[in-house]
Peer 1: 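Before we start, here is the structure in question, set down as structure tokens.
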Amino acid sequence: MRNPRAFLRPLAVGAPTPVADIPFRPSRMIHFFDPSNPKMAAKVPDIAKKVDIILGNLEDAIKIENKEAARQGLVDIAKATTFGDTQLWTRINSLDSPWALDDLITLVTEIGDKLDVVMVPKVEGAQDIHYVDRLLAQLEARAGITRPILVHAILETAEGMTNVEEIAAASPRMQGISLGPADLAASRRMKTTRVGGGHPGYLVRQDPTGDDLTQGRTTYQQDLWHYTIARMVDACAGNDILPFYGPFGDIKDVVACEDQFRNAFLLGCVGAWSLHPVQIDIAKKVFSPDPADVAHAKQVVEAMGDGSGAVMINGKMEDDASCKQCIVMLDLAKALAERDPELAAAYDL
Ligand SMILES: CC(C)(COP(=O)(O)OP(=O)(O)OC[C@H]1O[C@@H](n2cnc3c(N)ncnc32)[C@H](O)[C@@H]1OP(=O)(O)O)[C@@H](O)C(=O)NCCC(=O)NCCSC(=O)C[C@](C)(O)C(=O)O
Ligand SMILES: [Mg+2]
């Protein structure tokens, strides 16, 4: 670990000074596209207007023979597109692959001034972030980049999960962490075959009411990801960075996707990945607070004045702690309203 005084110093001469605080920009969905797929690439300028984050994926889901085309495709798209308020991210190949080094060298050199965040897959511990941190600083200095590129880790191995707190604290570049449920399930030897979501076999069953063990016993499906997401949220919140749910692979099951996203939202995640255009609106709906919750939050904050004491609103006790939750809700609503005129009207802020 660097000493506390050195933590915010650049890691290469001429690199930009690291940010002290991670800016909270609306981040309801990270929309993945394959820059080597001409049909997807053609949609990027339009999709970029609708999403908070657009991400050129270079890692898994890109065929090996297309790895270099994807890298070059992202460079071309980034140079040709004006992204406005929408963030441009990439997911580089994993650090143990033959492509990761060239991914970083090419992208920072060619489009480093447009790239907001580099997502690093299969992060195992702080050492992976330190490697990327130093390399980014060297490349930023060489390319004359003036704004530091941030780093996002995917939590998708049991070792990474074990080290999640040190990963979150590893660098001032750490912007956030996403859950990678498919690789994580494989790494843990979970007996699932899905990309995120629940499993009907993971359940609890009501106690028997008589001698017949097979009758009258309601079962309730449980959330396979509760522990993982909750731990990731704590690691992120404890280090002032942002947690995200990852992908939901059952594209057709828009109902379960919405449920999974909402669970993550309620537990503290700021957004999720959209793998297909149909998931963009689901993320937008779920990760934008309900106008009724925003109205309630406004009422509580106004009634609480300086935040001390306790008041009764609609039969419920409100105090300092519920007021703080309402402030979290209002701050998010205000940030989203600035980006989205429809939400600004719905929230009446
Ligand atoms: C699932 C797939 C194959 C279905 O693609 P499709 O073409 O079969 O679907 P479609 O419904 O027929 O598509 C309709 C139209 O939308 C387009 N389209 C479709 N998707 C997109 C998109 N994302 N962005 C922009 N456009 C898109 C598509 O090209 C088509 O265009 P057309 O009308 O002109 O013919 C496709 O959506 C896709 O490849 N999505 C991205 C997959 C991806 O990035 N996976 C990696 C992230 S998940 C992961 O890595 C796991 C993790 C974290 O690592 C871990 O848990 O371990
Ligand atoms: Mg993965």
Side-chain angles (χ1 to χ4, degrees), residues 12 15-16 29-48 51-83 86-124 128-154 156 171 173 175-176 178 180 182-183 195 244 246-247 273-277:
M29 73 299 287
I30 306 172
H31 183 75
F32 271 57
F33 73 97
D34 171 356
S36 73
N37 177 326
K39 275 210 279 186
M40 280 195 205
K43 291 187 171 60
V44 166
D46 274 346
I47 288 188
V51 299
D52 294 334
I53 300 165
I54 187 134
L55 178 147
N57 179 29
L58 307 184
E59 200 224 7
D60 294 354
I62 308 301
K63 287 178 92 57
I64 287 178
E65 59 266 33
N66 292 342
K67 290 287 185 190
E68 292 188 5
R71 189 192 295 141
Q72 189 54 45
L74 180 55
V75 168
D76 296 342
I77 291 164
K79 284 188 171 168
T81 310
T82 305
F83 292 97
T86 301
Q87 299 178 55
L88 175 66
W89 292 23
T90 185
R91 177 169 77 167
I92 60 166
N93 285 286
S94 64
L95 299 179
D96 61 358
S97 78
W99 305 288
L101 184 61
D102 286 337
D103 290 344
L104 284 171
I105 292 174
T106 303
L107 295 179
V108 178
T109 308
E110 297 282 339
I111 55 167
D113 54 338
K114 286 202 151 176
L115 211 49
D116 291 291
V117 174
V118 169
M119 181 184 274
V120 183
K122 303 178 177 77
V123 173
E124 305 269 33
D128 290 339
I129 302 300
H130 294 160
Y131 170 80
V132 172
D133 198 5
R134 178 78 75 173
L135 196 50
L136 281 175
Q138 293 170 337
L139 293 167
E140 286 168 343
R142 200 176 63 175
I145 307 291
T146 53
R147 182 188 56 145
I149 296 167
L150 302 180
V151 170
H152 184 101
I154 316 181
E156 49 185 354
S171 161
R173 285 187 203 272
Q175 178 272 350
S178 285
D183 270 301
V195 178
F244 291 70
W273 300 8
S274 55
L275 301 185
H276 185 281

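Note: hydrogens, waters and symmetry copies are ignored here, and every other heavy atom, side chains too, is used.
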Peer 1: What's the separation between atom CE in Met29 and atom CG in Leu275, rounded to the nearest 0.5 Å?
Peer 2: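 Nearest 0.5 Å value for the CE-CG distance: 13.0 Å.
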Peer 1: Should Met119 and Phe32 count as side-chain neighbours, where that means a heavy-atom distance under 4.5 Å?
Peer 2: yes
Peer 1: Please say whether more than 12 non-hydrogen atoms of neighbouring residues, nucleotides or ligands are located less than 6.0 Å from CZ in Arg134.
Peer 2: no
Peer 1: How about Trp99 and Leu58: do any of their side-chain heavy atoms sit closer than 4.5 Å?
Peer 2: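 No, every pair of side-chain atoms sits at 4.5 Å or beyond.
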Peer 1: Of the non-hydrogen atoms in Glu140 and Arg173, which two are nearest, and what is the gap between them?
Peer 2: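 Scanning both residues completely, I find the closest heavy atoms to be OE2-NH1, 2.8 Å.
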Peer 1: Any heavy-atom pair between the side chains of Leu135 and Leu101 that's under 4.5 Å?
Peer 2: yes
Peer 1: Given side chains that start at C-beta, do those of Leu88 and Ile54 come closer than 4.5 Å, heavy atoms only?
Peer 2: yes
Peer 1: Please say whether more than 12 non-hydrogen atoms of neighbouring residues, nucleotides or ligands are located less than 6.0 Å from CD in Gln138.
Peer 2: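 Yes, enclosed.
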Peer 1: Could you check whether any side-chain heavy atom of Pro121 comes within less than 4.5 Å of a side-chain heavy atom of Ile92, counting everything from C-beta outward?
Peer 2: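 Yes, side chains in contact.
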Peer 1: Check for a donor-acceptor pair, side chain of Thr86 on one end and backbone N or O of Val51 on the other, with a separation under 3.5 Å.
Peer 2: yes
Peer 1: Please give me the minimum heavy-atom distance between Ser94 and Ala100, naming the atom from each residue.
Peer 2: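 Smallest heavy-atom distance, with atoms named: O-CB, 3.3 Å.
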Peer 1: Which pair of heavy atoms, one from Leu107 and one from Val75, lies closest together, and at what distance?
Peer 2: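 So the two residues come closest at CD2-CG2, 3.9 Å.
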Peer 1: Got a salt bridge between Lys63 and Asp34, using NZ or NE/NH1/NH2 to carboxylate O under 4.0 Å?
Peer 2: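 Salt bridge flag = no for Asp34 with Lys63.
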Peer 1: When rounded to the nearest 0.5 angstrom, what distance separates CG in Asp116 from CD in Gln87?
Peer 2: 5.0 Å
Peer 1: For a side chain to side chain contact (heavy atoms under 4.5 Å, CB included) check, start with the C-alpha distance between Asp133 and Val151, then their side-chain angles and the critical distance, and finish with the verdict.
Peer 2: CA-CA 8 Å; Asp133 198 5; Val151 170; over 6 Å; no
Peer 1: Locate the shortest heavy-atom distance separating Ala141 from Ala15; write the atom from each residue and the value.
Peer 2: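 So the minimum-distance heavy-atom pair works out to CB-N, 3.7 Å.
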Peer 1: Applying the side-chain contact (heavy atoms from CB on, under 4.5 Å) criterion to Leu139, which one of Ile145, Val108, Thr106 satisfies it?
Peer 2: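 The passing option is Val108.
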Peer 1: Side chains of Thr90 and Ile111: does their closest heavy-atom pair fall under 4.5 Å?
Peer 2: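 No, side chains not in contact.
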Peer 1: Working to the nearest 0.5 Å, report the span between CZ of Phe33 and CG of Leu55.
Peer 2: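 Reported value, rounded in 0.5 Å steps: 7.5 Å.
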Peer 1: Picking from Arg71, Lys67, Arg91, what satisfies salt bridge (Lys or Arg N to Asp or Glu O under 4.0 Å) with Asp103?
Peer 2: Arg71
Peer 1: With side chain to side chain contact (heavy atoms under 4.5 Å, CB included) as the test, would you mind laying out the steps for Asp128 and Val120 before giving the verdict?
Peer 2: CA-CA 9 Å; Asp128 290 339; Val120 183; 5.6 Å; no
Peer 1: I want to check something: taking the side chain as every heavy atom from C-beta on, are Arg147 and Pro16 in contact at a cut-off of under 4.5 Å?
Peer 2: no
Peer 1: Taking all non-hydrogen atoms of both residues into account, name the closest pair between Asn66 and Ser36 and its distance.
Peer 2: CB-OG, 3.5 Å
Peer 1: Anything under 30° is parallel, anything over 60° is perpendicular, the rest tilted; go ahead and classify Trp89 against His152.
Peer 2: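 Tilted: the ring planes of Trp89 and His152 meet at 30° to 60°.
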Peer 1: Would you mind reporting whether Trp273 and Ile154 have side-chain heavy atoms less than 4.5 Å apart?
Peer 2: yes
Peer 1: After noting the C-alpha distance and the side-chain angles of Ile30 and Ser178, does the key distance pass the side chain to side chain contact (heavy atoms under 4.5 Å, CB included) rule?
Peer 2: CA-CA 10 Å; Ile30 306 172; Ser178 285; 4.2 Å; yes
Peer 1: Can a donor-acceptor pair be found, under 3.5 Å and without considering hydrogens, that links the side chain of Lys114 to the backbone of Ala78?
Peer 2: yes
Peer 1: Which distance, rounded to the nearest 0.5 Å, do you find between the CD of Glu124 and the CG of Asp96?
Peer 2: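 So the gap between those two atoms works out to 8.0 Å.
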Peer 1: What's the shortest heavy-atom distance between Thr109 and Arg142, and which atoms?
Peer 2: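 Between these two residues, the closest heavy atoms are OG1-NH2, 3.7 Å.
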